[in-house]
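Some notes on the structure that comes next.
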Amino acid sequence: MNETTPPQRIFMASDLSARCDRALARAAQLAQAWHGELTVVHVVHAAEVAARDRLSSGALSWLRPDSWSQTLERALRADLAAERIAATSRVVIGTTTDAVLQGAADNNADLVVLGIAKDARMDRIQLGSTVDTLVRRARVPVLNVRNRVRGAYRHVVVATDFSEPAMQALRLAAHWFTGARLTLFHAYIPPGSSLTSGTGPSHSWHAAVAQQCASHVTEAELPKPIEAALDRVLEFGAPETLLPDFVTSAHVDLVVLGSQGRSGLARALLGSTAENLLHTLDCDTLVVRGA
């Protein structure tokens, strides 16, 4: 993955539901802005195709519809045509996770775009494991779309723990979203501090965090105008508590997270807890896997 070059091949997975309309619109907006190619794929399980085909097999020959996969292909093409979206589309029979990962690999995709229901708790149970698995296994960045598209991203936040994956996420955000306001966000709890007792960090600890942040930004080697305009938010507290509040207060469109293996901020928050950043932030999220 080239962090300094916006994606030229965008791969979007759709389930043809309303929740994916926003993801499709965002994928199309990014493809147009970056002059890239968009591929839209709908994955359907073989059992569903077989069941639908069985239901229609008893109809009179002149009333018998096409196969279910052909019906889905027509629906997908109709959605693209209705939105005037230029994209390659197809239906793939298989399991969602494997089909998306294989499809992205076959298309040499630079970015995978997914849609998730905004505040649907039941969908969290059904979709959570699929989305989390895709984020962890994908070799390219994964954009999870929640919000309606109102133009290009205006305020992008990179949540950092000053790790190498987080630095890669910062570089990527700086080069992919050049027209947006860019903020680097770091929440920290020093050893010996307590959120419950009110025992906060000393002034010297905050100064040390500020220095660490400065070194992190310098090492990232961002373009000078972007580095000069970069906002830096360093706050005492838990990121999973502070970041959602900051997203709402600062009108953030997109949060970028870095993840690699068992390290990185995103990996720590993509566990089995019922609420985590990927599923609770009230904005789109882009997870960047480290090299």
Side-chain angles (χ1 to χ4, degrees), residues 1-44 71-92 96 99-118 120 123 127 130-131 134-135 138-157 172-182 251-256 278 281-288:
M1 179 186 66
N2 189 339
E3 304 152 3
T4 62
T5 303
Q8 295 302 294
R9 292 174 297 277
I10 300 174
F11 186 89
M12 191 255 165
S14 171
D15 62 4
L16 300 181
S17 67
R19 71 167 163 251
C20 279
D21 290 348
R22 296 180 179 187
L24 177 59
R26 178 58 70 185
Q29 181 268 318
L30 292 174
Q32 183 177 30
W34 293 332
H35 306 288
E37 300 175 358
L38 175 60
T39 298
V40 181
V41 170
H42 172 62
V43 181
V44 58
T71 300
L72 292 174
E73 286 178 3
R74 281 201 306 273
L76 185 54
R77 288 195 299 269
D79 284 349
L80 295 173
E83 299 297 329
R84 298 182 180 179
I85 294 174
T88 300
S89 63
R90 67 177 184 271
V91 171
V92 177
T96 303
V100 171
L101 291 172
Q102 187 61 53
D106 292 344
N107 282 269
N108 293 317
D110 304 308
L111 173 68
V112 172
V113 180
L114 305 173
I116 186 172
K118 184 174 180 181
D123 277 352
L127 287 176
T130 298
V131 173
L134 285 170
V135 165
R139 297 296 177 179
V140 297
V142 176
L143 175 63
N144 207 24
V145 177
R146 284 179 177 267
N147 292 337
R148 190 182 305 278
V149 177
R150 297 185 175 89
Y153 288 122
R154 294 159 296 181
H155 188 183
V156 176
V157 168
L172 182 148
H175 289 92
W176 285 17
F177 309 106
T178 53
R181 172 188 173 189
L182 187 62
H251 306 291
V252 175
D253 301 301
L254 174 68
V255 168
V256 184
L278 180 63
L281 285 175
D282 194 22
C283 67
D284 296 358
T285 53
L286 177 64
V287 180
V288 182

* Taking all atoms of both residues into account, what is the closest heavy-atom pair of A23 and V113, and its distance? -> O-CG1, 3.8 Å
* Asked: Which pairs pass salt bridge (Lys or Arg N to Asp or Glu O under 4.0 Å) with one or both residues in residues 5-14, sequence neighbours excluded?
  -> R9-D110
* Side chain proximity check, V41 to L76, heavy atoms < 4.5 angstrom -> no
* Asked: Between F177 and Y153, how do the two ring planes meet: parallel, tilted or perpendicular, split at 30° and 60°?
  -> perpendicular
* **Non-neighbouring partners of R84 that pass side chain to side chain contact (heavy atoms under 4.5 Å, CB included), sequence neighbours left out** => none
* Asked: Roughly how far, to the nearest 0.5 Å, is CZ of R90 from OG1 of T39?
  -> 6.5 Å
* **Between CZ on residue F11 and CG on residue L101, distance to nearest 0.5 Å** => 9.0 Å
* To do: For residues A13 and C20, report the shortest heavy-atom separation together with the two atoms involved.
  => O-SG, 4.2 Å
* Quick one: does V140's side chain get under 4.5 Å of V112's, heavy atoms only? -> yes
* **Partners meeting side chain to side chain contact (heavy atoms under 4.5 Å, CB included) with Q29 (sequence neighbours left out)** => R26, A33, V149, A152
* Asked: Just how far is it from atom CG of D284 to atom CG of L114, taken to the nearest 0.5 Å?
  -> 11.5 Å
* Structure fact -> With sequence neighbours left out, the residues meeting side-chain hydrogen bond (donor to acceptor under 3.5 Å, both in side chains) with Q102 are D106
* Asked: For the residue pair R22 and R148, what are the closest heavy atoms and their distance?
  -> NH2-NH2, 3.1 Å
* Taking the side chain as every heavy atom from C-beta outward, state whether N144 and V135 have any atom pair closer than 4.5 Å. => no
* A87: side chain to side chain contact (heavy atoms under 4.5 Å, CB included) partners, not counting sequence neighbours -> L38, V40, L80, I85
* Asked: Quick check: are there more than 12 heavy atoms from other residues, nucleotides or ligands sitting under 6.0 Å from CD of E37?
  -> no
* Structure fact -> In terms of heavy-atom contacts, T178 and H175 come closest through CG2-O, 3.5 Å
* Derivation and outcome, side-chain contact (heavy atoms from CB on, under 4.5 Å), residues W176 and V156 -> CA-CA 10 Å; W176 285 17; V156 176; over 6 Å; no
* Distance (rounded to the nearest 0.5 Å) between L30 CG and L111 CG -> 7.0 Å
* Asked: Listed by chain and number, what are the salt bridge (Lys or Arg N to Asp or Glu O under 4.0 Å) partners of R154, not counting sequence neighbours?
  -> D253
